[in-house]
Amino acid sequence: MNIVITGANRGIGLELTRRYIDRGDTVFATARKPEQAAELQALSAKATGRLRLIALDVTDGAACAALPSRVETPRVELLINNAGVSSGWGGLDELDFATALRDFDANALGPVRVVRALRGKLVAAHGKVVNMTSLMGSIADNQSGRGYGYRMSKVALNMATVNLALELAPEGVTCVCVHPGWVKTDMGGPGAPTPVGESAGQVIMLIDRLGNDSAGKFYHAEGRPLPW
Ligand SMILES: NC(=O)c1ccc[n+]([C@@H]2O[C@H](COP(=O)([O-])OP(=O)(O)OC[C@H]3O[C@@H](n4cnc5c(N)ncnc54)[C@H](OP(=O)(O)O)[C@@H]3O)[C@@H](O)[C@H]2O)c1
């Protein structure tokens with residue numbers, strides 16, 4: 001498969017990249033600063049041409065629009081919109097509106113920019129789009145509040161996923177959103193219960209099982225549907 005993964009230099013994105021390379025797939029791995037992405041570069045040296053590093057900030061509209069020329073394949077079977085950011089988990093008094101807007105730009109608009117740019121290649125492959133969302137973007141599940149910028153951005157991403165699913169299903173592209181669990185990464189923190197390898201393995205198994213009837217659904221990486 002030809003796979004595009006955003007935010008691939010660390011955390012879940014890096015682990016997904018490592019596993020798909022090990023499986024024999026070709027990965028176009030994006031990072032804001034690929035020249036500083038030591039682990040991706042080391043992986044690339046072993047991947048015999050199957051790992052291509054691309055500089056991409058998903059908030060940069062021009063860079064996203066230029067992505068098709070950087071992803072040098074006519075067909076993309078899988079796009080994982082993994083890049084994400086959090087402005088923190090505080091309450092109303094801690095909320096900083098500027099950083100909340102940054103969350104929205106990266107987490108909600110970023111994936112939409114990337115899908116729009118790669119639409120032709122995804123349609124050519126009848127591919128899949130996986131938007132890495134969060135259970136913190138579930139309104140029905142919200143019992144602890146706080147984290148305004150991050151939660152609101154992931155709610156918006158969930159809505160965008162359903163929109164994309166509706167618009168792209170007639171073109172053969174399946175779009176879903178996936179919560180990876182609470183994962184031990186820079187974002188999840190050291191107290192998170194799920195090792196990054198376990199989460200990435202679950203995400204890959206789930207993606208393998210996605211069919212046309214999955215379009216527009218919100219899944220836990222373990223495979224169960226989650227409430228909006
Ligand atoms: N960890 C969890 O418990 C958890 C739970 C639910 C959902 N998620 C979601 O899972 C995804 C991956 O999370 P993670 O835990 O692996 O986070 P992470 O370790 O903090 O890594 C985040 C990645 O996103 C990239 N990124 C941030 N802003 C970007 C931008 N504007 N343009 C391009 N790349 C950008 C980062 O690049 P830089 O290195 O350049 O900053 C980094 O590669 C995120 O969407 C997150 O919201 C994580």
Side-chain angles (χ1 to χ4, degrees), residues 2-17 20 26-41 43-44 51-88 96-125 127-134 136-137 147-161 163-164 167-168 173 175 177-178 180 185-187:
N2 291 308
I3 302 171
V4 177
I5 302 176
T6 65
N9 55 302
R10 59 188 169 101
I12 299 167
L14 176 63
E15 188 63 23
L16 289 169
T17 301
Y20 279 120
T26 295
V27 180
F28 298 84
T30 83
R32 286 196 278 199
K33 295 183 177 150
E35 70 285 356
Q36 292 175 16
E39 286 171 280
L40 267 187
Q41 285 178 19
L43 200 54
S44 175
L51 177 56
R52 321 279 175 83
L53 272 50
I54 297 174
L56 183 72
D57 184 323
V58 300
T59 65
D60 181 337
C64 289
L67 201 50
S69 64
R70 313 286 315 282
V71 175
E72 290 173 320
T73 170
R75 294 154 54 92
V76 170
E77 279 82 14
L78 173 62
L79 162 63
I80 303 181
N81 276 312
N82 165 79
V85 66
S86 166
S87 53
D96 178 80
F97 291 96
T99 50
L101 276 173
R102 181 203 60 181
D103 286 4
F104 187 82
D105 200 0
N107 297 351
L109 296 181
V112 179
R113 286 188 188 99
V114 176
V115 173
R116 184 160 76 178
L118 295 180
R119 179 178 191 161
K121 293 177 194 279
L122 287 161
V123 170
K128 299 172 185 173
V129 174
V130 172
N131 290 331
M132 207 64 85
T133 185
S134 171
M136 293 192 81
Y148 283 81
Y150 185 72
R151 281 191 188 276
M152 292 167 73
S153 71
K154 292 294 190 180
V155 172
L157 174 62
N158 289 355
M159 177 59 83
T161 304
N163 257 22
L164 291 167
E167 192 162 345
L168 298 185
V173 178
C175 304
C177 46
V178 174
T185 61
D186 293 339
M187 184 184 288

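What you see below is based on every heavy atom in this structure, not just the backbone, and it leaves out hydrogens, waters and symmetry mates. Model, not experiment: these values are computed from the prediction.
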Restricting to non-hydrogen atoms, name the atom on A117 and the atom on P68 that form the minimum distance, rounded to 0.1 Å. O-CG, 3.1 Å

Pairs where residues 6-15 contributes a residue and the test side chain to side chain donor-acceptor pair (under 3.5 Å) is met, not counting sequence neighbours: R10-D186, E15-R18, E15-R19

Less than 4.5 Å apart, side chain to side chain, heavy atoms only: is that true for L56 and V114? yes

Which one of N158, L164, V130 satisfies the side chain to side chain contact (heavy atoms under 4.5 Å, CB included) criterion with C177? N158

I'd like to know if the side chain of T133 pairs up with that of N131 as donor and acceptor (distance under 3.5 Å, no hydrogens or angles considered). no

For residues 31-41, run the donor-acceptor check on the side chains, cut-off 3.5 Å, and write out each pair with its distance to 0.1 Å, sequence neighbours left out.
unit_1, atom_1, unit_2, atom_2, d
Q41, NE2, P34, O, 2.8
Q41, NE2, E35, O, 3.1

Which atoms form the tightest heavy-atom contact between P111 and A106, and what is the distance? CD-O, 3.3 Å

Heavy-atom closest pair (V58 atom, C64 atom, distance to 0.1 Å) is O-SG, 3.7 Å

Sequence neighbours left out, what pairs pass salt bridge (Lys or Arg N to Asp or Glu O under 4.0 Å) with at least one residue falling in residues 62-79? R75-E77

Scan residues 97-115 for pairs that pass side chain to side chain donor-acceptor pair (under 3.5 Å), counting only residues two or more places apart or in two chains. S87-D103, D96-T99, D105-R113, N107-S153

Show the nearest heavy-atom pair for residues A8 and I5, with the distance to one decimal. CB-O, 3.8 Å

Got a second to check how far D57's CG is from T59's OG1, nearest 0.5 Å? 3.5 Å

Check step by step if side-chain contact (heavy atoms from CB on, under 4.5 Å) holds for M132 and L16. CA-CA 12 Å; M132 207 64 85; L16 289 169; 3.9 Å; yes

With rounding to the nearest 0.5 angstrom, report the CZ to OH distance, F97 to Y148. 9.5 Å

CG/L79 to CG/N2 distance, rounded to the nearest 0.5 angstrom? 12.5 Å

Sort and list the pairs that fulfil salt bridge (Lys or Arg N to Asp or Glu O under 4.0 Å) and have at least one residue in residues 151-160, not counting sequence neighbours. none

Nearest-0.5 Å distance that lies between atom CG in L43 and atom CG in L51: 5.5 Å

Could you check if a side-chain atom of L122 sits within less than 4.5 angstrom of a side-chain atom of V129, using non-hydrogen atoms only? yes

Would you compute the distance between atom OG1 of T30 and atom CG of N82 and round it to the nearest 0.5 angstrom? 8.5 Å

Heavy atoms from other residues, nucleotides or ligands near CE of M187 exceed 12 (cutoff 6.0 Å): yes

Those residues at least two apart in sequence (or on a different chain) that pass side-chain contact (heavy atoms from CB on, under 4.5 Å) with V71 are V4, F28, I54, L67, T73, V76, L118, K121

